[in-house]
Amino acid sequence: MPELKLLHVGHAPAVLAFELANRSYFAASIPDRGDDFFDQFTNRYDASLAEQEAGICAFYVLVAEDGSVLGRFNLYDLEDGTARLGYRVAERVAGRGVATTAVRELCRTATARHGLRTLRAATSHDNAASQKVLTKTGFVPVGPATPADLGGKSGTWYERDLQS
C-alpha cells in the first residue's frame, strides 16, 4: 500500500527517477520543468528541504512498497493557516484514484500537522484529471487562474475549507 511521507534527503534518488520517467507525461498537461531543473536537481532538492525546514512549504511523496515514488503532493506558501496545493502522479498509476486518495490524506495532514485551515489549488482548463481530483476531494471553484499562475495557461482556482 503506498504511503504519503514527508520529503527527506533519502528520497532524492527516487524523486529524480520519478521526474525523469514521467517528464513527457507531465509536459502534456503542465509546463515542462526544463533541462535546468534536472541539471540543477541536487541544488533545487536541497533548497526545497531548506524551505520545508523553515516552515515555508511542506513537501510529500507518495512512496510505493518498493520505494519508488508514485506522486508528489506539495503545500506551498504556508502562511496564516492557508497554503497552496500542488501535485502530480506517475503515468503508471494515473486514473486509478491515487491522486484523489493522497489529496484527501494530505488535507487531513495539512490540518493535523501544519495547522492549516484552507487550501488553494489552481489547474488549467484543459487538465480535466486535476479538476476531477479537486472536485472529488471537496475543493470548489473560486475564480479564474491566470497564465502567470499556471505557467502560461488559463484556468481556475479551487479552494477547500479544511474545517468543514
Side-chain angles (χ1 to χ4, degrees), residues 2-23 25-27 29-64 67-90 93 98-124 127 130 133-134 137-139 142-143 145-153 155-163:
E3 189 178 347
L4 197 61
K5 296 183 177 186
L6 190 64
L7 188 71
H8 66 73
V9 69
H11 290 132
V15 169
L16 180 57
F18 165 81
E19 292 288 351
L20 286 167
N22 292 285
R23 185 175 182 181
Y25 171 67
F26 295 146
S29 60
I30 56 178
D32 183 61
R33 292 190 185 275
D35 292 337
D36 187 56
F37 173 83
F38 297 98
D39 293 343
Q40 299 295 319
F41 179 80
T42 300
N43 292 338
R44 290 176 182 273
Y45 194 86
D46 291 346
S48 293
L49 291 174
E51 281 185 292
Q52 181 169 272
E53 184 67 29
I56 298 166
C57 300
F59 303 106
Y60 287 85
V61 286
L62 186 64
V63 181
S68 65
V69 171
L70 300 176
R72 297 182 70 179
F73 298 84
N74 303 318
L75 300 172
Y76 299 97
D77 305 327
L78 281 73
E79 189 175 343
D80 297 327
T82 300
R84 256 185 328 110
L85 168 67
Y87 54 90
R88 52 180 56 203
V89 297
V93 298
V98 170
T100 300
T101 299
V103 168
R104 280 189 183 122
E105 184 177 343
L106 188 57
C107 286
R108 290 188 295 272
T109 300
T111 302
R113 187 174 194 165
H114 304 290
L116 297 175
R117 297 180 305 276
T118 306
L119 289 182
R120 292 176 49 87
T123 187
S124 64
N127 192 343
S130 193
V133 168
L134 292 171
T137 56
F139 285 77
V142 292
T146 67
D149 296 324
L150 289 167
K153 298 184 177 188
T156 303
W157 276 103
Y158 289 78
E159 191 169 287
R160 176 168 172 193
D161 178 356
L162 299 172
Q163 298 175 309

Would you indicate whether the side-chain heavy atoms of [Y] and [X] approach each other to under 4.5 Å?
X    : Y    : result
L85  : L75  : yes
R44  : F38  : no
T42  : Y45  : no
Q163 : T111 : no
T118 : L162 : no
T82  : L116 : no
Y87  : N74  : no
V133 : F139 : no

*Check the pair R88 / F18 against side-chain contact (heavy atoms from CB on, under 4.5 Å), numbers first and verdict last.*
CA-CA 10 Å; R88 52 180 56 203; F18 165 81; 4.0 Å; yes
So, taking the atom named [atom1] in [X] and the one named [atom2] in [Y], what distance separates them when rounded to the nearest 0.5 Å?
X    : Y    : atom1 : atom2 : answer
R160 : R104 : CZ    : CZ    : 8.5 Å
L49  : H11  : CG    : NE2   : 10.0 Å
D77  : E51  : CG    : CD    : 8.0 Å
L119 : R84  : CG    : CZ    : 11.5 Å
E105 : L4   : CD    : CG    : 4.5 Å

*Check salt bridge (charged side-chain N to carboxylate O under 4.0 Å, His left out) between E159 and all other residues, then give those that pass, not counting sequence neighbours.*
R120
*Could you check whether the rings of F41 and F37 sit parallel, tilted or perpendicular, using 30° and 60° as the cut-offs?*
perpendicular
*Verify side-chain hydrogen bond (donor to acceptor under 3.5 Å, both in side chains) between D149 and T146, making sure each step is shown before the conclusion.*
CA-CA 5 Å; D149 296 324; T146 67; 3.2 Å; yes
*Can you check side-chain contact (heavy atoms from CB on, under 4.5 Å) on E19 and R72, steps first, answer last?*
CA-CA 10 Å; E19 292 288 351; R72 297 182 70 179; 2.7 Å; yes
*Lys/Arg-Asp/Glu bridge criterion (N-O < 4.0 Å) met for D35, R23*: yes
_With a 4.0 Å cut-off on N to O distance, would you call D80 and R117 a salt bridge?_
no
Indicate the atoms forming the closest heavy-atom contact of [X] with [Y], along with that distance.
X    : Y    : result
T137 : V103 : OG1-CG1, 3.6 Å
P2   : L70  : CG-CD1, 3.7 Å
A102 : F73  : CB-CZ, 3.3 Å
A14  : G67  : CB-O, 3.6 Å

Name each donor-acceptor pair under 3.5 Å that joins a side chain in residues 52-64 to protein atoms two or more places apart or in another chain, with its distance.
unit_1	atom_1	unit_2	atom_2	d
Q52	OE1	F59	N	2.8
Q52	NE2	L7	O	2.9
Y60	OH	H114	NE2	2.7

_Worked check of side-chain contact (heavy atoms from CB on, under 4.5 Å) between T123 and Y158_ = CA-CA 8 Å; T123 187; Y158 289 78; 3.5 Å; yes
_Backbone N/O of N127 and side chain of S130: donor-acceptor pair under 3.5 Å_ = no
